[in-house]
Structure formats: structure tokens, C-alpha cells
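Read the structure below first, then the notes.
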Amino acid sequence: MTEVDIADGARDFRVMNRKFVDALLKLQEYNRFSKGLFSWIGFRVKWISYENVERAAGSTKWSFWSLFKYSLEGIVAFTTAPLVLSSFFGLILCLGAVLAVLFIIVRRIIFGDPVDGWASLACLITFMGGCQIFCFGIMGQYMAKLYLENKRRPIYIVDEETD
């Protein structure tokens with residue numbers, strides 16, 4: 001979902017050089033999703049593979065709910081795709097309601113309608129709901145742009161300067 005390539009299986013434990021740490025410290029964000037920021041900075045990365053073994057003692061403190069919240073934090077910090085999806089979903093609902101109204105009109109003309117009013121009311125409610133979801137998605141995209149600007153991330157990070 002993100003434009004940042006977050007490596008699958010990446011851990012938070014890292015060895016970093018001074019340039020990397022300085023670039024990370026220049027970011028003025030308060031809510032930091034470390035895995036995303038480490039990838040976003042974009043310096044060269046070397047992986048040390050190891051075999052992941054079972055814990056010798058104790059148990060993890062991560063529950064399903066805390067992992068779910070952590071994943072939502074990553075989605076909110078590094079993508080606006082859910083907002084685009086909500087706008088798209090609202091538009092689809094609106095178009096579906098318009099098609100359903102056309103179907104109701106054709107059915108009424110050809111066969112008559114044994115139950116008056118319920119289908120057109122359902123279509124109207126679906127259409128209005130779709131319009132609302134679409135508008136909320138558009139407003140959310142504007143707010144996301146403000147949010148991203150407010151983070152004040154640099155446009156790029158210089159790896160090395162030469163005279």
C-alpha cells in the first residue's frame with residue numbers, strides 16, 4: 001500500500017552509521033513508525049541473515065490487537081491508499097444506485113411493481129450514502145495532504161556532499 005519499500009521480515013534492531021542517525025534525527029515527526037522511516041530515509045542497507053528460533057524463555061508481549069494497531073499505525077503513517085479506496089467505493093455506490101434506479105424504472109414500466117416505494121427508497125439511501133462516502137474520501141485526501149505537509153519531511157536526503 002505504501003510508496004516506501006518496507007522489506008518483509010525487517011526487524012527494528014539495526015546497526016546504523018552516523019549519517020543515517022543524523023538523517024533520522026532531522027525528521028521532526030512526533031509519531032514515528034520506525035520500520036517505515038528506516039526504509040524512507042533510503043540509505044544503503046546490508047542484511048545479516050539468521051535463523052529465527054523459538055524463545056528460550058518468556059513469551060511475547062505482542063498480542064493480536066497490539067500487532068493490528070501497529071499495522072494501522074504503519075498504514076496511516078505511510079500511505080493515503082485507504083482514503084483513495086473510500087472515495088472509489090463511494091463512487092461505485094453512487095453508480096450502482098443510479099443503475100438500480102434505472103432497473104426499477106424499466107421493471108415498473110414492463111412488469112409493474114407489486115411493492116411500491118421500497119426499492120426507490122433503498123436506491124435513494126444507497127445513492128446518498130455513496131455521495132457521503134465519496135465526499136468524506138475526498139476531504140480525507142485533502143486532510144492527508146495537510147498531514148504529510150505538517151510532518152515536514154525533507155524532499156530528499158543527501159547521502160554525500162563533495163566540494
Side-chain angles (χ1 to χ4, degrees), residues 1-14 20 23-43 45 47 52 55 59-158:
M1 291 178 113
T2 69
E3 295 173 7
V4 175
D5 185 26
I6 300 174
D8 187 29
R11 306 293 186 250
D12 285 334
F13 181 75
R14 296 166 188 259
F20 187 93
L24 189 62
L25 291 175
K26 285 181 184 175
L27 301 177
Q28 300 174 5
E29 299 177 35
Y30 178 74
N31 295 315
R32 293 176 174 236
F33 181 70
S34 57
K35 285 184 175 132
L37 288 176
F38 294 157
S39 297
W40 181 84
I41 287 176
F43 286 98
V45 176
W47 299 97
N52 194 7
R55 260 177 207 262
S59 62
T60 182
K61 302 295 186 266
W62 287 95
S63 66
F64 173 79
W65 183 247
S66 58
L67 284 172
F68 180 73
K69 289 191 311 187
Y70 187 63
S71 69
L72 285 180
E73 188 176 318
I75 290 170
V76 169
F78 281 93
T79 186
T80 58
L83 300 171
V84 174
L85 287 174
S86 69
S87 299
F88 183 71
F89 179 67
L91 192 61
I92 294 296
L93 274 178
C94 288
L95 293 175
V98 168
L99 291 175
V101 166
L102 292 175
F103 173 77
I104 290 169
I105 291 171
V106 169
R107 188 181 71 178
R108 174 74 177 201
I109 292 170
I110 295 175
F111 301 110
D113 195 2
V115 182
D116 288 331
W118 75 267
S120 57
L121 183 61
C123 289
L124 181 64
I125 290 171
T126 303
F127 180 77
M128 294 304 294
C131 287
Q132 289 174 345
I133 292 171
F134 178 70
C135 290
F136 282 140
I138 296 296
M139 287 190 311
Q141 289 180 47
Y142 278 114
M143 290 174 62
K145 301 249 186 245
L146 291 171
Y147 171 67
L148 293 173
E149 284 293 323
N150 194 34
K151 287 183 179 186
R152 301 206 183 279
R153 285 185 188 161
I155 297 170
Y156 55 87
I157 296 175
V158 176

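If you read the sequence from its start, that first residue is 1, and numbering goes on from there. Remember, it's a predicted structure, so these values are computed and weren't measured experimentally. Hydrogens, waters and symmetry mates play no part in the numbers below; they use all other heavy atoms, side chains included.
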- Task: Could I get the full list of side chain to side chain contact (heavy atoms under 4.5 Å, CB included) partners for T60, not counting sequence neighbours?
- Result: R55, W62
- What pairs with A100 under side chain to side chain contact (heavy atoms under 4.5 Å, CB included), at least two apart in sequence or on another chain? C123
Going by atom type alone, with no hydrogens or angles, which donor-acceptor pairs under 3.5 Å involve a side-chain atom of residues 130-137 and a protein atom two or more places apart or on another chain?
none

- Message: Tell me if the CE atom of M143 is crowded by more than 12 foreign heavy atoms within 6.0 Å.
- Response: no
Straight-line distance of [X] [atom1] to [Y] [atom2], nearest 0.5 Å:
X: L121; Y: I104; atom1: CG; atom2: CD1; answer: 10.0 Å
X: L83; Y: K145; atom1: CG; atom2: NZ; answer: 10.0 Å
X: L91; Y: I138; atom1: CG; atom2: CD1; answer: 9.0 Å
X: L85; Y: I92; atom1: CG; atom2: CD1; answer: 11.0 Å

- Could you list the residues that satisfy ring pair (Phe, Tyr, Trp, His ring centres under 6.0 Å) with F68, not counting sequence neighbours? W65
- Could you list the residues that satisfy side chain to side chain donor-acceptor pair (under 3.5 Å) with S66, not counting sequence neighbours? S63
- Item | Heavy-atom check, side chain of F127 versus side chain of V98, under 4.5 Å | yes
- Which pairs with one or both residues in residues 85-99 pass side-chain hydrogen bond (donor to acceptor under 3.5 Å, both in side chains), sequence neighbours excluded? S87-Q141
